[in-house]
Amino acid sequence: MQPVSAIRGRACPIDSNDVDTDQIIPKQYLKRVERTGFGPFAFAEWRYLDDGSPNPDFAMNRPEHAGANVLVAGRNFGCGSSREHAPWALEDAGFQAIVAPSFADIFRTNCGKVGVVCVALDDEVVQRLFDLIAADPGVEVTVDLEAQRVHAPAVSELEGVDVTFDIDPHTRHCLLNGLDDIGMTLEHEDAITTYEATRPSYTPLVPTP
Amino acid sequence: MTAKTIVEKIWDQHVVRSAEGEPDLLYVDLHLVHEVTSPQAFDGIRQAGRTVRRPDLTLATMDHNVPTDPRQVRGELPLQDELSVAQMEALRRNCEEFGIRLFQMGSRNQGIVHIIGPELGLTQPGAVIVCGDSHTATHGAFGSLAFGIGTSEVEHVLATQTLPQRLPRSLAIEVAGPLPAGTTAKDLILHILSVIGVDGGVGHVIEYRGEAIRDLSMEGRMTICNMSIEGGARAGLIAPDETTFAYLKDRPYAPKGDDWDAAVEAWRGLVTDEGASFDRTVHITAADVAPTVTWGTTPAQSVRIHERVPTLDDAPDEGTARQWQRAFDYMGLQGGEAFGDLHLDKVFIGSCTNGRIEDLRAVAEVVQGQRVADGIQAMVVPGSGLVKAAAEAEGIAEVLIEAGFDWREPGCSMCLGMNPDQLAPGERAASTSNRNFEGRQGFKGRTHLVSPAMAAAAAITGRIVDVREHLPSV
Ligand code: SF4
């Protein structure tokens with residue numbers, strides 16, 4: 001995983017609540033055995049028409065949102081299936097941060113492993129971001145993980161956004177430093193071995209082949 | 001000694017290492033693996049030159065994209081989907097390379113990952129169980145702490161048998177009183193979801209408590225815990241009791257002899273202590289539960305069968321009204337319909353929510369001596385090879401086949417439609433599975449989630465109706 005620094009750029013709005021991972025990456029695209037190349041399938045059933053051409057009404061296809069690297073979404077984003085293919089697809093489609101009022105737990109954890117920053121902000125702040133993007137699709141949104149701040153400038157009479165956010169300190173540390181947490185855990189291998197010696201004999205055991 | 005919840009007790013027994021400011025390192029007793037979320041994890045292990053730490057605590061099966069056509073499973077017809085074949089083949093190779101027990105397509109013990117763990121006796125009270133699948137909470141029915149993880153975490157568990165985790169918040173769902181006759185665990189969990197909403201459990205582990213929960217069989221408890229994720233919860237569990245121990249005793253991989261006695265003694269301590277506190281408590285009255293059916297595109301959008309699909313006027317606020325309109329459009333509804341007036345195309349009975357032997361018994365009881373309605377394609381997919389064998393031995397398969405059901409081989413099947421079992425665009429189905437998301441059972445397919453008994457009544461009447469009117473015993 002690459003270290004994450006400040007993310008700055010255009011935002012793409014997905015103004016729906018409870019967007020599930022079946023929408024973010026429909027199951028017919030889960031059959032690849034690689035970790036990469038899922039970007040073109042992100043939101044496939046909303047993004048493409050029945051004949052396979054881009055749906056001009058879907059935010060990701062609108063020219064004013066091209067190249068967006070921040071996704072702004074509704075409540076409970078990423079609910080449903082645990083498929084890590086969802087953050088893989090969003091990351092591959094160019095999104096480095098997602099801002100929403102709340103996230104599903106497994107999705108948020110998966111994003112942390114993939115290097116996509118999930119930022120939960122109050123409903124009214126997210127609504128203001130939607131309004132700013134509607135007023136000026138080119139508005140530059142900044143997600144600064146180091147400073148734990150989200151910023152977007154005022155657009156004409158609409159007030160801008162400049163707020164701090166909370167994030168799990170361990171996730172933040174791993175993201176900022178691009179750390180592989182398996183490596184970190186393996187530094188404590190002695191503790192694992194010591195623990196294993198204390199496990200009761202009745203715990204489940206799978207007969208290996 | 002401070003009073004503790006079950007989750008806190010399990011947690012304390014599994015902390016390998018804890019340090020200020022860091023998540024606890026939690027030991028995993030059982031890691032279940034399937035073909036869809038594991039190939040990239042095994043690749044990661046190989047690329048980093050690591051190995052699988054505990055193959056003896058790891059079990060793999062093929063379920064998500066296996067075909068369920070008996071001719072394909074027996075090898076009489078070729079498998080058509082090359083990508084699925086490649087994924088199954090990758091799992092086979094990975095298990096061979098790392099010495100992991102795998103139940104392949106066609107083997108007697110193969111089945112949906114959340115069905116085979118319990119039936120083999122591997123799912124045990126007090127255990128920490130993980131799987132790269134969000135319905136891992138199913139195993140919580142035994143009083144284990146079981147939760148779904150992503151592929152990076154699968155790799156972490158393969159390499160270290162541990163996971164860095166923070167103790168989730170706790171949510172008690174207290175169900176007072178007994179369930180009314182003719183209602184089931186599925187109706188209860190759909191009702192609970194309609195109360196707490198699809199994000200009501202985010203960040204929490206649910207402990208289901210109360211008389212209606214205690215009265216449930218193990219299979220009913222699995223149906224309840226299975227759908228915890230549909231309320232956004234990390235996991236759901238139920239305190240183990242005599243029902244749990246009786247279910248586990250003599251299962252193939254359950255503890256034996258002295259180990260069994262020691263285990264049961266330890267398991268009896270897995271109760272939430274008097275005075276332990278939950279972060280939140282939700283009270284449910286079992287008497288409010290009736291056969292329930294979803295009308296929308298989230299599992300929380302449901303009503304009792306005698307009620308109609310809501311109208312936009314019923315929506316509590318404008319945002320909800322917009323969401324409902326979207327769901328109506330997708331489901332081909334206007335709002336205000338009676339369920340009995342909707343035209344059905346398919347009935348799907350199966351999945352890790354309702355693909356166990358008791359579910360199939362409930363279906364057989366309703367359809368006994370009747371026929372699947374004209375124009376309905378009704379499919380029964382047993383959750384595992386053992387469920388299938390039991391249903392055949394008990395004569396259930398015969399009842400279903402005679403009634404005109406399509407009797408399939410085990411797998412996830414139309415629950416998520418990764419194999420050829422799918423809804424066609426615009427088709428409407430009554431399904432015993434757990435998700436009615438857009439496109440879940442097939443592109444533009446329309447899913448109404450119901451209990452197995454309700455699905456059976458739907459198959460024979462061709463409509464979603466109140467099963468209580470079709471059950472002689474109620
Ligand atoms: S039956 Fe459905 S929900 Fe259960 S594991 Fe399979 S695909 Fe997932």
Side-chain angles (χ1 to χ4, degrees), chain A residues 16-18 20-23 26-28 30-35 45-46 50 74-76 79-85 87-88 102-107 109-110 112-114 168-170 180-186 188-189 191-192 194-196 199-209, chain B residues 16-17 21-23 25 27 29-30 36-37 39-40 55-59 65 83-84 86-87 90 99-101 122 124 127 132-134 148-153 155-156 159-162 164 198-199 202-203 232 234 253 255 259 262-263 266 298 319 323 416-418 435 437-440 443:
Chain A
S16 306
N17 292 335
D18 307 318
D20 57 76
T21 52
D22 274 83
Q23 307 315 318
K27 65 205 160 239
Q28 57 270 39
L30 304 184
K31 293 180 181 173
R32 300 162 55 84
V33 293
E34 302 86 23
R35 215 178 248 262
E45 288 179 2
W46 293 352
D50 289 357
R75 203 168 2 99
N76 195 29
C79 60
S81 153
S82 63
R83 55 188 73 164
E84 198 163 310
H85 311 66
W88 292 338
S102 61
F103 295 89
D105 294 322
I106 308 177
F107 177 81
T109 304
N110 288 342
K113 311 285 177 187
V114 171
D168 175 66
H170 179 74
D180 158 18
D181 65 355
I182 299 180
M184 290 161 69
T185 296
L186 285 174
H188 306 297
E189 215 173 341
I192 301 174
T194 308
Y195 175 86
E196 281 174 332
R199 298 177 71 236
S201 60
Y202 54 76
T203 48
L205 209 56
V206 182
T208 48
Chain B
V16 168
R17 173 182 179 273
E22 291 179 40
L25 194 61
Y27 199 80
D29 294 306
L30 180 65
V36 176
T37 57
Q40 296 87 351
D56 57 340
L57 304 184
T58 312
L59 176 69
N65 56 28
L83 288 171
S84 292
Q87 223 166 35
I100 295 168
R101 167 72 62 191
L122 282 168
Q124 292 172 21
D133 190 281
S134 62
I149 58 178
T151 297
S152 293
E153 292 177 301
E155 183 178 336
H156 197 118
T160 71
Q161 203 59 32
T162 63
V198 284
D199 60 355
V202 169
R234 291 250 45 202
Y253 301 150
D259 267 349
T298 79
Q323 227 177 337
L416 89 167
M418 271 189 85
R435 284 182 177 149
F437 297 157
E438 287 183 27
R440 172 75 179 185
F443 182 57

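Chain identifiers are assigned alphabetically (A, B, ...) following the order of the sequence lines, protein sequences preceding nucleic acid strands; residue numbering begins at 1 within each chain. Just the heavy atoms: all of them, side chains too, but no hydrogens, waters or symmetry mates, feed the values below.
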Is the side chain of B:Gln87 donor-acceptor paired with the backbone N or O of A:Leu30 at a distance under 3.5 Å, no angle test? yes

Look only at the side chain of A:Gln23 and the backbone of A:Asp20, and say whether a donor-acceptor pair between them is shorter than 3.5 Å. no

Looking at B:Leu30, B:Leu59, B:Thr37, B:Val198, which one has more heavy-atom pairs under 4.5 Å with chain A than the rest? B:Val198

Chain A contact via B:Thr162 - which portion, at a heavy-atom distance below 4.5 Å: side chain

Most contacts with chain A, counted as non-hydrogen pairs under 4.5 angstrom, among B:Gly232, B:Pro164, B:Ala262: B:Ala262

Is a donor on one side and an acceptor on the other found under 3.5 Å between the side chain of A:Lys27 and the backbone of B:Arg440? yes

Region of A:Arg32 in contact with chain B, defined by heavy-atom distances below 4.5 Å: backbone

Checking heavy atoms, do the side chain of A:Phe107, its backbone, both or neither come under 4.5 Å from chain B? neither

Do A:Glu84 and B:Glu153 have side chains that approach each other closer than 4.5 Å (heavy atoms only, starting at C-beta)? no

Find out whether A:Thr208 and B:Ile100 are in side-chain contact, i.e. whether some heavy atom of one side chain is under 4.5 Å from a heavy atom of the other. no

Segment of B:Glu438 engaging chain A (4.5 angstrom heavy-atom cut-off): both

Between A:Trp88 and B:Thr151, is any pair of side-chain heavy atoms under 4.5 Å apart? yes

Is there a donor-acceptor pair closer than 3.5 Å between any side-chain N or O of A:Glu45 and the backbone N or O of B:Phe443? no

With chain B as the partner, which of A:Asp105, A:Ile106, A:Asp168, A:Asn110 has the greatest number of non-hydrogen pairs under 4.5 Å? A:Asp105

Report the option among B:Gly439, B:Ala159, B:Ser152, B:Pro55 that has the most heavy-atom pairs separated by less than 4.5 Å from atoms of chain A. B:Ser152

Any heavy-atom pair between the side chains of A:His170 and A:Met184 that's under 4.5 Å? yes

Looking only at A:Val114, A:Asp180, A:Leu186, A:Asn76, most heavy-atom pairs under 4.5 Å shared with chain B are made by A:Asn76

Say whether B:Arg234 and A:Thr109, considering side chains only, have a donor N or O and an acceptor N or O under 3.5 Å apart. no

From the list B:Gly417, B:Gly319, B:Gly132, the residue making the most non-hydrogen contacts under 4.5 Å with chain A is B:Gly417

Let's test your reading of the structure: which of A:Gln28, A:Glu34, A:Arg83 forms the most heavy-atom pairs below 4.5 Å with chain B? A:Glu34

Side-chain donor-acceptor pair under 3.5 Å between B:Asp29 and B:Gln124, yes or no? no

Could you have a look at A:Ala191, A:Ser16, A:Gly80 and say which one has the most heavy-atom pairs with chain B under 4.5 angstrom? A:Gly80

Is it the backbone or the side chain of B:Leu25 that comes under 4.5 Å from a heavy atom of chain A, or both, or neither? side chain

Do the side chain of A:Arg75 and the main chain of A:Asn17 share a donor and acceptor less than 3.5 angstrom apart? no

Given a strict heavy-atom distance threshold of 4.5 Å, which part of A:Pro209 is in contact with chain B: side chain, backbone, both, or neither? both

Heavy-atom pair count under 4.5 Å with chain B, highest-scoring of A:Thr194, A:Thr21, A:Thr203, A:Thr185: A:Thr185

Bottom line for A:Pro87: the part with an atom under 4.5 Å from chain B's heavy atoms is neither

Side chain, backbone, both or neither of A:Tyr195 within contact of chain B (heavy atoms, under 4.5 Å): side chain

When only pairs under 4.5 Å are counted, which of A:Pro169, A:Ala104, A:Ser201, A:Cys79 shares the most heavy-atom pairs with chain B? A:Ser201

Please report the interatomic distance CD(B:Gln161) to CD(A:Glu196), rounded to the nearest 0.5 Å. 7.0 Å

Among B:Ala86, B:Gly21, B:Gly99, who wins on heavy-atom pairs under 4.5 Å with chain A? B:Gly99

